[in-house]
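In the text below, chain A, chain B and the rest are named by the order of the sequence lines, each starting its count at 1.
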Amino acid sequence: MRYSTLMIPTVKELPADAVVASHILMLRAGMIRKLAAGIYVYLPLARKVLHKIETIVREEMNRAGAQELLMPAVQPGELWKESGRWAKYGPELLRFKDRKGGEFCLGPTHEEVITWLFANEVNSYKQLPMNLYQIQNKFRDEVRPRFGLMRGREFMMKDAYSFHLTREECMEEYRVMYDAYMRIFTRCGLNFKAVEADTGSIGGSASHEFQVLAQSGEDAILACDQCDYAANVEKAESRGVAFEEVQVGNDPLTKVPTPGKHSIEEVSEFLKVGAEKLIKTLIYHDDDKNFTAVCIRGDQDVNEVKLKNHLDVNAVYLASDDDVVKVTGAPVGFAGPVGLKLPVVCDLSVKSVADGVTGALEKDMHYTGVNLGRDFTAESFADLRQAKDGEGCTRCEGGTLHAHRGIEVGQVFYLGRKYSEAMNGTVLDENGASKAVEMGCYGIGVTRTMAAAIEQNHDDNGIIWPMPLAPYQVVITPILYKEEMKEAADRLYTDLVEHGVDVILDDRNERAGVKFKDADLLGIPIRVTVGKKSIANGEFEWQLRRDGERRMAPMEQMTDIILETIRKEMDAHTPTKG
RNA sequence: CGGCGUGUAGCGCAGCCUGGUAGCGCGCUUGGUUCGGGACCAAGAAGUCGGAGGUUCAAAUCCUCUCACGCCGACCA
């Protein structure tokens, strides 16, 4: 394309309300414009990148045997009531009524619709397995959209749903999708990790997230340096302070005054005992205000996702100050399991505390010499603690977990029969018996993937696209678009176009500096500079955006060199045959 | 949802405290000189000062309400 005909409104100044690199750079490079909070227009350059991501996604999904379809963004509330999510999904579900007062929503995801379709159209086990996907805009009314495309309200997503007669077949498909995702993100040229994850509001029981590693990522990940174990911290396990056997001491249970000391640090310092001798007691409640006391060693933190799963509730909330007073009889800071009239669940770390210290359910008082089993009992034990950087790996010998930040660009779920049972997703098996099918679902945030690619690939001058995602592979920059420079640039441009290269000819009547700055900002991987002196020597000057190093090439070889460079760059991101 | 903040030309901002002609930079248009890392000169176009109500002779400026947007936070006893 000729630059002069393209709509690429670049801007020099930093956008006022953008914070992260991808947001700033997409605004500056003329890729996106905000229409409303978390809602963006994708300008031609962004649309091209999205097309490239979509193409990779389609190729790999098709290769894995999935079929593309397209479902409506507008969905009847009826379906959501049937699945139970009309009530459960919360305010993120954008609801509205049609003229007849019928309830609808904008689809944040499509389990309901796909299951409806499946229930109506598929009747026999002979039609299984089946995997259907679409690429479509989703709407989630996020509490706080932020960081440009990283957390938008309307965003492009590839969502796939698979149906199987047995759990085994479903898990097999899960593995196929996992592999397809590995190939997709590899082909996108991204540095990413597949990590074990919690299943969240979608439901189900097995899940991996695909996280693009970047400092600005919203997710925290722990990954082993020895084996391939990696998990979202929400889910991560570590070899930490779990004890099989309860440690019991001999000190008597003693009530001691601890005036005004309510934090772990304060109590620890005041009583001159380490935080690992304290048993922290936190009061949580669920949506129905059922209270539970959670005990954990003082130097550890509760992982609320693990707690939520252990209690098998929709959500857990730390009790308010008032509620704490109501259920423990003492202000915040003095809760303890001894004599507490609430169900107590303990993290495994509590077993390691002998002669511990806890709140005494009385203002300004703590107990010392507290022993599990002797002074209090737990209703249940579970791994409820937050795993931390530097702790041991539970999956291998000697491995250590390290923290990373990640941007979740994809997730695969094993759903089981959650939706099929709720919505008549059944087939007849070979014995003629009706069976609810096993389902999996598999998502990729297409627009977020674009943002993540920029987070991972940029410098002070702009974006540095990996070749597979670059909106254009080559930009030809004539110092002046006239006379011999124009002729040489035009010839090279025509030649590259004929060879199928995605190329921009910067034919604008701008000074060279302007064109260079824009080329860098847009992040085009290869730039050919057409200058008077070099073409007088029969040469083009060219460089890679990645290293900026200037190279010279005989004019007649330029096309071949570019084709070869593109090929190498693409090969570098081609997954090994599998 | 809570806290803080911001809405003035397409973008970035000043003006508001102390009411009285709406301004600067970038961008845009026209002409000219330039031309290897965001040129220069000259002349222009462009704003219901987020919206509604109020105070006042007079409101971008003061008051009330409202909308939109952004940042931070969402509790570890």
Original post:
Among B:G36, B:C76, B:C69, which is the nearest nucleotide to the side chain of A:L318?
Top reply: B:C76
Original post:
Rounded to whole angstrom units, what separation is found between the CG atom of A:D460 and the P atom of B:G37?
Top reply: 19 Å
Subject >> Nearest-Å distance for atom pair CZ/P, residues A:R151 and B:C72 >> reply: 13 Å
**OP:** With heavy atoms under 4.0 Å as the rule, sort A:A319 into base, sugar-phosphate or nothing.
**Re:** base
**OP:** Take atom C1' in B:U56 and the same atom in B:A9, then report the distance between them in whole Å.
**Re:** 29 Å
Original post:
Partner of B:C62 by Watson-Crick or G-U wobble geometry, both contacts under 3.5 Å, or none?
Top reply: B:G54
**OP:** Using whole Å, report how far OH of A:Y284 lies from P of B:C75.
**Re:** 8 Å
Original post:
What nucleotide, of B:C35, B:G70, B:G36, holds the atom closest to the side chain of A:R511?
Top reply: B:C35
Original post:
A:I8 CD1 to B:C11 C1': how many Å, rounded?
Top reply: 18 Å
**OP:** Would you mind telling me which residue lines up with the more 5' stretch of RNA chain B, A:V324 or A:R527, judged by nearest nucleotide?
**Re:** A:R527
Original post:
What's the closest nucleotide to the A:A16 side chain, out of B:C13, B:G36, B:C76?
Top reply: B:C13
Original post:
Given the P atoms of B:G12 and B:G50, what is the spacing between them in whole Å?
Top reply: 14 Å
Subject >> Check: B:G25 base within 3.5 Å donor-acceptor of A:E13 side chain >> reply: yes
Subject >> Value in whole Å for how far the C1' atom of B:A74 lies from CD of A:E142 >> reply: 15 Å
Subject >> Side-chain N,O (A:K515) to OP1/OP2 (B:G37) below 4.0 Å >> reply: no
Subject >> Candidates B:C69, B:G37, B:G38 - which lies nearest the side chain of A:T10 >> reply: B:G38
Original post:
Which one is paired to B:U6, where only Watson-Crick or G-U wobble pairs with both distances under 3.5 angstrom count?
Top reply: B:A68
Original post:
Which whole number of Å gives the distance between the C1' atom of B:G15 and that of B:A22?
Top reply: 8 Å
Original post:
What is the base-pairing partner of B:G44, counting Watson-Crick and G-U wobble geometry with both distances under 3.5 Å?
Top reply: B:C28
Subject >> Side-chain donor/acceptor contact of A:R28 with base of B:G38 under 3.5 Å >> reply: yes
Original post:
Hey, does A:A335 reach any base, or is it just sugar-phosphate, or nothing, if we go heavy atoms under 4.0 Å?
Top reply: nothing
**OP:** Look at all strands and tell whether A:I264 reaches a base, only sugar-phosphate, or nothing, counting heavy atoms closer than 4.0 Å.
**Re:** sugar-phosphate
Original post:
A:D518 CG to B:G27 C1': how many Å, rounded?
Top reply: 13 Å
Subject >> Watson-Crick or G-U counterpart of B:C1, or none if no pair lies under 3.5 Å >> reply: B:G73
Original post:
How does each nucleotide of nucleotides 1-9 of chain B score, in 5' to 3' order, for protein heavy atoms under 4.0 Å: base (B), sugar-phosphate only (S), or none (-)?
Top reply: B--------
Subject >> A:F516, nearest nucleotide to its side chain (from B:C69, B:G36, B:C35) >> reply: B:G36
**OP:** In whole angstrom, give the distance that lies between atom CD of A:E510 and atom P of B:G38.
**Re:** 13 Å
**OP:** Report yes or no: is the cationic atom of A:R508 (NZ for Lys, CZ for Arg) closer than 6.0 Å to the six-membered ring centre of A:Y3, at no more than 45° off its axis?
**Re:** yes
Original post:
Given that both distances must come in under 3.5 Å, which nucleotide forms a Watson-Crick or G-U wobble pair with B:C13?
Top reply: B:G23
Subject >> Nearest-Å distance once atom C1' is located in both B:U34 and B:A42 >> reply: 15 Å
Original post:
Should A:E154 and A:K138 count as an ion pair when the cut-off is N to O under 4.0 Å?
Top reply: no
Original post:
Expressed in whole Å, how much space separates the C1' atoms belonging to B:U55 and B:C65?
Top reply: 15 Å
**OP:** Once you apply the 3.5 Å cut-off to both distances, tell me the Watson-Crick or G-U wobble partner of B:A39, or none.
**Re:** B:U33
Original post:
Rounded to the nearest 0.5 Å, how far apart are OG of A:S4 and OH of A:Y481?
Top reply: 8.0 Å
Original post:
Does A:K34 put a side-chain nitrogen or oxygen below 4.0 Å from OP1 or OP2 of B:G70?
Top reply: yes
Original post:
Can you tell me if A:R140 uses its side chain to pair, donor with acceptor, with the backbone of A:E92 under 3.5 Å?
Top reply: no
Original post:
When the C1' atoms of B:G44 and B:C49 are considered, how many whole Å apart are they?
Top reply: 23 Å
Original post:
Which of the following nucleotides, B:C76, B:C69, B:G37, is nearest to the side chain of A:D301?
Top reply: B:C76
Original post:
Touch check for A:V19, heavy atoms < 4.0 angstrom, all strands: base, sugar-phosphate only, or nothing?
Top reply: sugar-phosphate
Original post:
Do A:D301 and A:K280 meet the salt-bridge criterion of a basic N to acidic O distance under 4.0 Å?
Top reply: yes
Original post:
Does A:H23 have its ring centroid less than 6.0 Å away from the ring centroid of A:F147?
Top reply: no
Subject >> Of the listed nucleotides B:C35, B:C69, B:C75, the one nearest the side chain of A:D17 >> reply: B:C69
Original post:
Between A:R546 and A:E569, is there a salt bridge with N-O shorter than 4.0 Å?
Top reply: yes
Original post:
Which nucleotide in the list B:G70, B:G38, B:C76 gets nearest to the side chain of A:K517?
Top reply: B:G38
Original post:
Taking the nucleotide of RNA chain B with the closest heavy atom to each, which residue, A:T281 or A:S534, is nearer the 5' end?
Top reply: A:S534
**OP:** Can you measure from OG1 (A:T292) to CG (A:L342) and round to the nearest 0.5 angstrom?
**Re:** 7.5 Å
Original post:
Between A:E539 and A:K533, is there a side-chain N and carboxylate O pair less than 4.0 Å apart?
Top reply: no
**OP:** Before accepting this row, confirm whether a basic side-chain N of the pair A:E142/A:R153 lies closer than 4.0 Å to the acidic partner's carboxylate O.
**Re:** no
Original post:
Which value, in whole Å, describes the distance between the P atoms of nucleotides B:C69 and B:U29?
Top reply: 32 Å
Original post:
Side chain of A:I479: nearest nucleotide among B:C26, B:C76, B:C35?
Top reply: B:C35
Subject >> Gap in Å between the two C1' atoms, one belonging to B:G32 and one to B:A68, rounded >> reply: 45 Å
**OP:** Can you check whether any acceptor in the base of B:G36 is under 3.5 Å from a donor in the side chain of A:E541, or vice versa?
**Re:** yes
**OP:** Answer yes when A:D364 and A:K261 have at least one side-chain N-carboxylate O distance shorter than 4.0 Å, and no when they do not.
**Re:** no
**OP:** Measure from CZ on A:R297 to P on B:C76 and round the result to the nearest Å.
**Re:** 20 Å
